[in-house]
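Report on the structure given below.
Ligands are counted one by one from 1 in listed order, and the atoms in each one are counted from 1 as well. Any value given below was found using the heavy atoms of this structure, including those in side chains, with hydrogens, waters and symmetry copies removed.
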Amino acid sequence: MNAILVSKNGGPEVLVPSEATRPEAGPADLLVRVSAAGVNFIDVYQRTGLYPIKLPFIPGSELSGVVEAVGAEATGFSVGDRVAIAHGAPVGAYAEYAAIPAQRAVPVPAGVTDKVACAVMLQGMTAHYLAHNIRPLQTGMTCLVHAAAGGVGLLLCQIAKQLGARVIGTVSTDEKAQLARDAGADEIILYTREEVVPAVKRITQNRGVDVAFDSVGKTTFESSLLSLVPRGMLVSFGQSSGPVPPLDPLTLSRNGSLFLTRPTLAHYVTTREELLQRANDLFAWIARGKLRVRVGAEYPLAAAADAHRALESRATTGKVLLLPSA
Ligand code: NDP
């Protein structure tokens, strides 16, 4: 089968189109013919070696596709079912076929296409737990969403609005500003042209935001902290611009007895029930037109390196997909 193989850590060029042996479903696995594979920052971190993975490996933690074979101990799925998965470890999604753990797979309902299902798994479930399960958003609250036109960003803006919160989004370009507005952001800060903290103070009449969702990391962390109301919550959930430097806890006290969390999706889908509840919420919202999923770019599998270059250079909006059959 065609696959992308990483044999050494490095830049996008280590994503080499290769001929690989088609995997077999282990006892607890589903063998899936991949329709779409999601491109995520976690793939970049695994490619570079920041998150070490035993070499060689086929990258990709997120996919949708059709079940071709069911392992002897895997229950709840049949050949021909449409499924999707987002996993913390690579499941070899950058390939024509992948063997995935059935326990982590979710059935895709009829109203949702394979592309959209793949596009919403990792970033959608992330936006879901961020909005609901850290400091639950509700009417009367204001939140800051950095990289609001990104994969998580566009979904988080929509879910935060559904919950009644006021959303201030940051983006780098006018095009991204429009996308974030279309996703429901009430206010936009072009953080490439304007300082975030004074802009937040201006927009909130000096009050600040209740929650800051920060996926950008290095370049935005401090502004997130300084944008919060007393006892506000900083949710540092990514590092697209680089890692956040160490922090003295006294900084939280000095700036208003603030809260800081560094969450990760795996700890918010700890049971199969929690996984299905989040995925099913997302699929139901999509089917009812309550949640729009933007696939900003599609690449053939062999162009995985170009997809990584685009993601890393801030050239993407919404979701980036690889299509093995393109
Ligand atoms: P995005 O689509 O948000 O892409 C990253 C965006 O970050 C860019 O488009 C860009 O938006 C902004 N950005 C700002 N500075 C930089 C920079 N120096 N280099 C690259 N991008 C920059 O990605 P995702 O939605 O896939 O993921 C966002 C982050 O969330 C990632 O760090 C990812 O690892 C993390 N994440 C964390 C999860 C968790 O549970 N903790 C789960 C899922 C993702 P702009 O041009 O507008 O500045």
Side-chain angles (χ1 to χ4, degrees), residues 12 37-48 50-51 59-62 86-89 118-134 144-159 168-181 183 185 188-194 196 212-224 234-244 260-270 274-275 278 282 293-297 307-322:
V39 178
N40 291 294
F41 265 92
I42 194 167
D43 308 341
V44 173
Y45 303 146
Q46 290 166 350
R47 188 201 75 210
T48 61
L50 181 69
Y51 295 177
S61 304
E62 181 181 48
H87 203 268
C118 179
V120 83
M121 286 301 291
L122 197 142
Q123 291 156 329
M125 288 200 288
T126 300
H128 191 288
Y129 84 75
L130 291 175
H132 290 91
N133 300 110
I134 294 183
L144 181 64
V145 176
H146 283 299
V152 176
L154 285 176
L155 298 164
L156 183 54
C157 286
Q158 294 177 71
I159 297 171
I168 304 173
T170 65
V171 294
S172 63
T173 66
D174 292 317
E175 187 216 344
K176 290 188 175 188
Q178 192 53 52
L179 291 172
R181 278 200 189 89
I188 293 293
I189 300 170
L190 276 151
Y191 58 2
T192 38
R193 297 183 209 155
E194 192 181 8
V196 171
F213 295 107
D214 191 337
S215 67
V216 174
K218 188 176 173 184
T219 58
T220 50
F221 185 84
E222 194 181 353
S223 68
S224 298
L234 171 44
V235 184
S236 171
F237 71 96
Q239 48 185 37
S240 308
S241 69
V244 174
L260 167 66
T261 184
R262 200 333 182 166
T264 195
L265 176 60
H267 301 137
Y268 285 83
V269 285
T270 50
E274 200 174 25
L275 170 70
R278 292 198 199 286
L282 293 162
V293 180
R294 177 181 170 85
V295 176
H308 276 220
R309 282 186 196 100
L311 185 68
E312 289 177 82
S313 65
R314 304 170 80 161
T316 62
T317 58
K319 186 71 198 177
V320 179
L321 294 180
L322 297 179

Could you tell me whether the side chain of His132 reaches within less than 4.5 Å of the side chain of Ile159, counting heavy atoms only?
-> yes
Tell me which protein heavy atom sits closest to atom 19 (N) of ligand 1, plus the residue, atom name and distance to 0.1 Å.
-> Ser240 O, 3.2 Å
In the protein, which heavy atom is nearest to atom 5 (C) of ligand 1, and how far is it?
-> Phe41 CE1, 3.4 Å
Any idea which atoms of ligand 1 are less than 4.0 Å away from a heavy-atom of Glu312?
-> 19 (N), 20 (C)
Look at the side chain of Ser223 and the backbone N and O of Thr220, then say whether any donor-acceptor pair between them is shorter than 3.5 Å.
-> yes
Take the angle between the ring planes of Phe237 and Phe213 and call it parallel below 30°, perpendicular above 60°, tilted in between.
-> perpendicular
Criterion side-chain contact (heavy atoms from CB on, under 4.5 Å) on Gln46 and Ser61, from CA distance to verdict | CA-CA 10 Å; Gln46 290 166 350; Ser61 304; 4.1 Å; yes
Distance-only, no hydrogens or angles: does the Ser241 side chain make a donor-acceptor pair with backbone N or O of Val216 under 3.5 Å?
-> yes
Whether Arg294 side chain and Ala183 backbone form a donor-acceptor pair below 3.5 Å | no
Within the distance-only criterion (no hydrogens, no angle test), does the side chain of Ser215 pair as donor or acceptor with the backbone N or O of Gly238 below 3.5 angstrom?
-> no
Region of Leu265 engaging ligand 1 - heavy atom pairs below 4.0 Å = both
Enumerate the atoms of ligand 1 whose separation from the nearest heavy atom of Val152 is less than 4.0 angstrom.
-> 25 (O)
Got a donor-acceptor contact below 3.5 angstrom from the Thr317 side chain to the Gly150 backbone?
-> no
Tyr191 near ligand 1 by a heavy-atom separation under 4.0 Å | yes
Residue pair Val269, Tyr129: steps toward the side-chain contact (heavy atoms from CB on, under 4.5 Å) verdict = CA-CA 9 Å; Val269 285; Tyr129 84 75; over 6 Å; no
Determine whether any heavy atom of Pro263 lies closer than 4.0 Å to an atom of ligand 1.
-> yes
Under 4.0 Å from a heavy atom of Tyr45: give me the atoms of ligand 1 that qualify, with their elements.
-> 32 (O), 34 (O)
Out of Glu62, Lys319, Arg314, His267, whose heavy atom sits nearest atom 8 (C) of ligand 1?
-> Arg314
Among all protein heavy atoms, pick the one closest to atom 40 (O) of ligand 1 and tell me residue, atom and distance.
-> Tyr129 OH, 2.7 Å
Of the protein's non-hydrogen atoms, which lies at the shortest distance from atom 42 (C) of ligand 1, and what is that distance?
-> Thr126 OG1, 3.1 Å
Closest heavy-atom pair and its distance - Tyr268, Arg278 | O-NE, 2.8 Å
Could you tell me the residue and atom name of the protein heavy atom closest to atom 37 (C) of ligand 1, and the distance to it rounded to 0.1 Å?
-> Phe237 O, 2.8 Å
Atom 3 (O) of ligand 1 has as its nearest protein heavy atom Gly150 CA, 3.5 Å
Identify, for atom 43 (C) of ligand 1, the protein heavy atom at the shortest distance, and state residue, atom and that distance.
-> Leu122 CD2, 3.2 Å
Is there a donor-acceptor contact under 3.5 Å from the side chain of Gln158 to the main chain of Leu154?
-> yes
Atom 24 (P) of ligand 1 [closest protein heavy-atom partner, distance rounded to 0.1 Å] | Gln123 NE2, 3.5 Å
Give a yes/no on ligand 1: does Thr264 have at least one heavy atom closer than 4.0 angstrom to it?
-> yes
If we number the atoms of ligand 1 from 1 as shown, the ones under 4.0 Å from a heavy atom of Lys176 are 9 (O), 11 (O), 45 (P), 46 (O), 47 (O)
Taking only non-hydrogen atoms of Gly151 and a 4.0 Å limit, the atoms of ligand 1 in range are 1 (P), 2 (O), 3 (O), 25 (O)
Applying side-chain contact (heavy atoms from CB on, under 4.5 Å), run through Val244 and Gln239 and close with a yes or a no.
-> CA-CA 7 Å; Val244 174; Gln239 48 185 37; 5.5 Å; no
Is ligand 1 under 4.0 Å from a heavy atom in the side chain of Arg262, in the backbone, in both, or in neither?
-> side chain
Can you list the atoms of ligand 1 that are under 4.0 Å from a heavy atom of Gly238?
-> 32 (O), 35 (C)
